[in-house]
Amino acid sequence: MYGKHAAMAMISTLVVGGGIGGLSLARELTIRGLPVTVLEKAAQLNPIGAGIIINPNAMRVLERNGLAEALRRDAWPYLMRETCDHRGRLLAVRDYRPLYDSGKLSTGALAHRAQLLETLCRGVPREAVRFGVAVRSIDLVPDRVRLETEDHGVFEADVLVGADGIHSQVRRHAFGEIEPLYMGYRSHRMVVDNVAGVRNFTEFLGHGRRIGLVPISERRLYVWTTFNSPRDRPSALESADAFRAMFAQFTDERIRRLFSQLRSADEIITTEVEEIRLDRWTRGRSVLLGDAVHAMTPNIGQGAGMAMEDAAVLAAELEGVHARRQGLAQGLENYVARRKSRVETVMRVSREVGDEGQLSGVIGCWLRNRRVHRAGRDRGKMLADLERLLAYPG
Ligand SMILES: Cc1cc2nc3c(=O)[nH]c(=O)nc-3n(C[C@H](O)[C@H](O)[C@H](O)COP(=O)(O)OP(=O)(O)OC[C@H]3O[C@@H](n4cnc5c(N)ncnc54)[C@H](O)[C@@H]3O)c2cc1C
């Protein structure tokens with residue numbers, strides 16, 4: 001009933017969360033001429049000091065919504081991924097260029113998070129994003145969404161979108177408390193000068209630990225690590241020396257040079273690797289996207305990519321509601337139907353890559369490295385697998 005009613009007027013959307021997912025949705029709705037308001041609790045765009053891998057599927061979303069060129073201006077092209085063992089011996093190279101040259105995939109990009117967030121934010125009307133807004137209460141009345149903020153502001157719309165990340169307040173309102181699932185390892189992130197002249201995304205597989213080196217510009221390099229760590233015993237980093245000691249098994253000269261720049265542990269961000277698994281994505285007039293509904297492990301650089309794909313599909317469905325091709329309830333169901341299995345596949349692949357990557361026993365690691373080396377030699381299969389995973393299904 002409410003779907004039919006909403007289709008009579010311009011459908012309005014209220015988005016809680018101005019991260020990559022929320023801003024992507026705002027961009028997608030804006031280019032379709034649909035009104036949107038984003039409420040972000042941070043006082044300003046507050047990107048953590050880290051890089052991001054924007055895979056070909058996410059770049060295809062940006063190409064379609066007109067922001068790819070602006071993003072690429074200050075990003076580094078993602079042409080190859082080199083995988084090495086902990087001593088720096090090359091195990092495999094994944095060369096994406098044949099897939100780019102044949103037009104099967106859009107060229108991926110390696111960037112600073114600030115660059116991506118600013119590009120998205122510039123792609124929506126200034127007044128559409130409200131910073132420094134904390135949500136106090138959410139009311140899903142039958143034909144409207146009503147939201148009150150801590151400073152007594154009131155916002156109303158036809159649809160409420162929870163794009164408010166892994167600890168989503170909108171999710172809690174719709175489905176109750178759902179604890180993220182800790183995956184057994186944590187991650188460090190930082191951005192440093194590229195004193196080692198790394199030109200391609202290069203990852204090092206160690207024993208219970210991994211390091212990734214990601215050039216994001218001519219001079220700057222994003223470093224990520226992962227390390228096995230029991231949930232209740234987080235190892236607080238006390239100094240840059242403690243960090244270097246933790247990764248002493250990695251003896252490659254590039255890592256030594258890059259890590260020698262670190263002066264303080266304050267430059268390093270530590271994050272728990274967690275998942276959110278949810279069967280339902282929508283309730284009444286509220287719907288979730290991005291980490292709020294499917295936070296995933298970072299192993300294949302797809303969390304933000306999935307949030308951007310979600311945004312494009314959800315906006316297309318809301319456009320269908322606006323054009324009276326379907327009611328709101330149907331539009332939201334279609335969104336879930338189009339996204340769920342794709343997201344589950346990507347989450348599973350990412351989890352498996354992490355499980356392999358975090359192996360710690362000598363024999364397990366040796367067998368893994370041999371598998372990676374062999375897989376790298378089967379170029380045809382590797383390209384087919386990459387294409388299947390990284391083509392944006394629309
Ligand atoms: C170590 C690590 C590395 C990663 N690397 C990559 C990568 O290379 N490539 C990739 O694609 N993905 C990567 N990801 C995943 C990616 O960061 C996330 O999937 C992505 O940021 C999700 O975007 P989002 O907008 O859904 O959520 P978030 O980025 O969490 O944004 C949520 C926003 O909502 C705001 N918010 C929260 N609660 C409220 C509230 N109550 N009211 C108002 N605002 C609120 C927050 O301030 C935030 O701005 C990585 C993740 C990790 C942990």
Side-chain angles (χ1 to χ4, degrees), residues 14-26 37-48 50-59 61-62 78 81 108-113 116-117 120-121 129-138 147-150 153 155 160-173 180 182-183 185-190 201 203 210 212 214 216 222-227 268-276 288-311 314 343 346-347 350 354 390:
L14 193 55
V15 183
V16 178
I20 294 166
L23 292 175
S24 294
L25 179 64
T37 302
V38 179
L39 307 181
E40 166 57 49
K41 71 176 178 187
Q44 57 192 38
L45 273 190
N46 191 15
I48 48 171
I52 187 155
I53 296 154
I54 310 169
N55 266 294
N57 50 309
M59 285 309 297
V61 173
L62 289 173
Y78 181 8
R81 177 172 180 153
L110 311 171
H112 199 288
R113 276 178 183 254
L116 176 59
L117 281 170
L120 291 169
C121 204
V129 187
R130 312 283 178 92
F131 289 102
V133 176
V135 178
R136 171 192 281 204
S137 67
I138 298 169
L147 191 150
E148 204 175 316
T149 63
E150 287 296 348
F155 292 87
L160 174 69
V161 180
D164 47 349
I166 191 163
H167 302 292
S168 169
Q169 189 176 353
V170 177
R171 183 183 71 226
R172 197 177 323 119
H173 182 270
Y182 180 59
M183 304 306 284
Y185 50 106
R186 290 180 163 82
S187 170
H188 299 121
R189 286 178 284 176
M190 71 212 87
F201 177 5
E203 64 180 346
R210 285 175 286 159
V214 185
I216 54 173
Y222 160 48
V223 179
W224 58 259
T225 79
T226 55
F227 57 101
I268 303 167
I269 301 156
T270 306
T271 316
E272 298 180 357
V273 175
E274 297 174 316
E275 283 188 357
I276 288 285
L288 302 172
L289 69 68
D291 276 15
V293 63
H294 52 61
M296 61 185 69
T297 62
N299 301 299
I300 56 172
Q302 280 291 358
M306 289 302 104
M308 291 157 81
E309 287 190 3
D310 288 350
L314 179 56
V343 166
V346 169
M347 263 180 103
S350 185
L390 301 178

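Counting starts at 1 for both ligands and their atoms, in listed order. Note that this is a predicted model, so its numbers are computed, not measured.
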#### Entry: Those protein residues which place at least one heavy atom below 4.0 Å from ligand 1
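Shell around ligand 1 (4.0 Å, heavy atoms): Val16, Gly17, Gly18, Gly19, Ile20, Gly21, Leu39, Glu40, Lys41, Ile52, Ile53, Arg113, Val133, Val135, Ala163, Asp164, Gly165, Gln169, Ser187, Arg189, Thr271, Gly290, Asp291, Pro298, Gly301, Gln302, Gly303, Ala304, Gly305.
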### Message
Go through it in stages, so that I can follow the logic: the residues are Thr37 and Arg130, the test is side chain to side chain donor-acceptor pair (under 3.5 Å), and I'd like the CA-CA distance, side-chain angles, deciding distance and then a yes or no.
### Response
CA-CA 7 Å; Thr37 302; Arg130 312 283 178 92; 5.3 Å; no
### Message
Using 0.5 Å steps for rounding, measure from the CG atom of Asp291 to the CD atom of Glu275.
### Response
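One gets 11.0 Å once the value is rounded to the nearest 0.5 Å.
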### Thr149 side, atom OG1; Phe155 side, atom CZ - distance, nearest 0.5 Å
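Those atoms lie 6.0 Å apart.
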### Query
Does the Ser24 side chain pair with the main chain of Ile20, one donor and one acceptor, at a distance under 3.5 Å?
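Such a contact is found between Ser24 side chain and Ile20 backbone.
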### Query
Looking at side-chain heavy atoms only, is the closest gap between Lys41 and Gln169 below 4.5 Å?
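Answer no - side chains too far apart.
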### Task
Flag the pair Val223 / Ile268 as yes when at least one side-chain heavy-atom distance between them is below 4.5 Å, and no otherwise.
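The answer is no; the side chains never approach within 4.5 Å.
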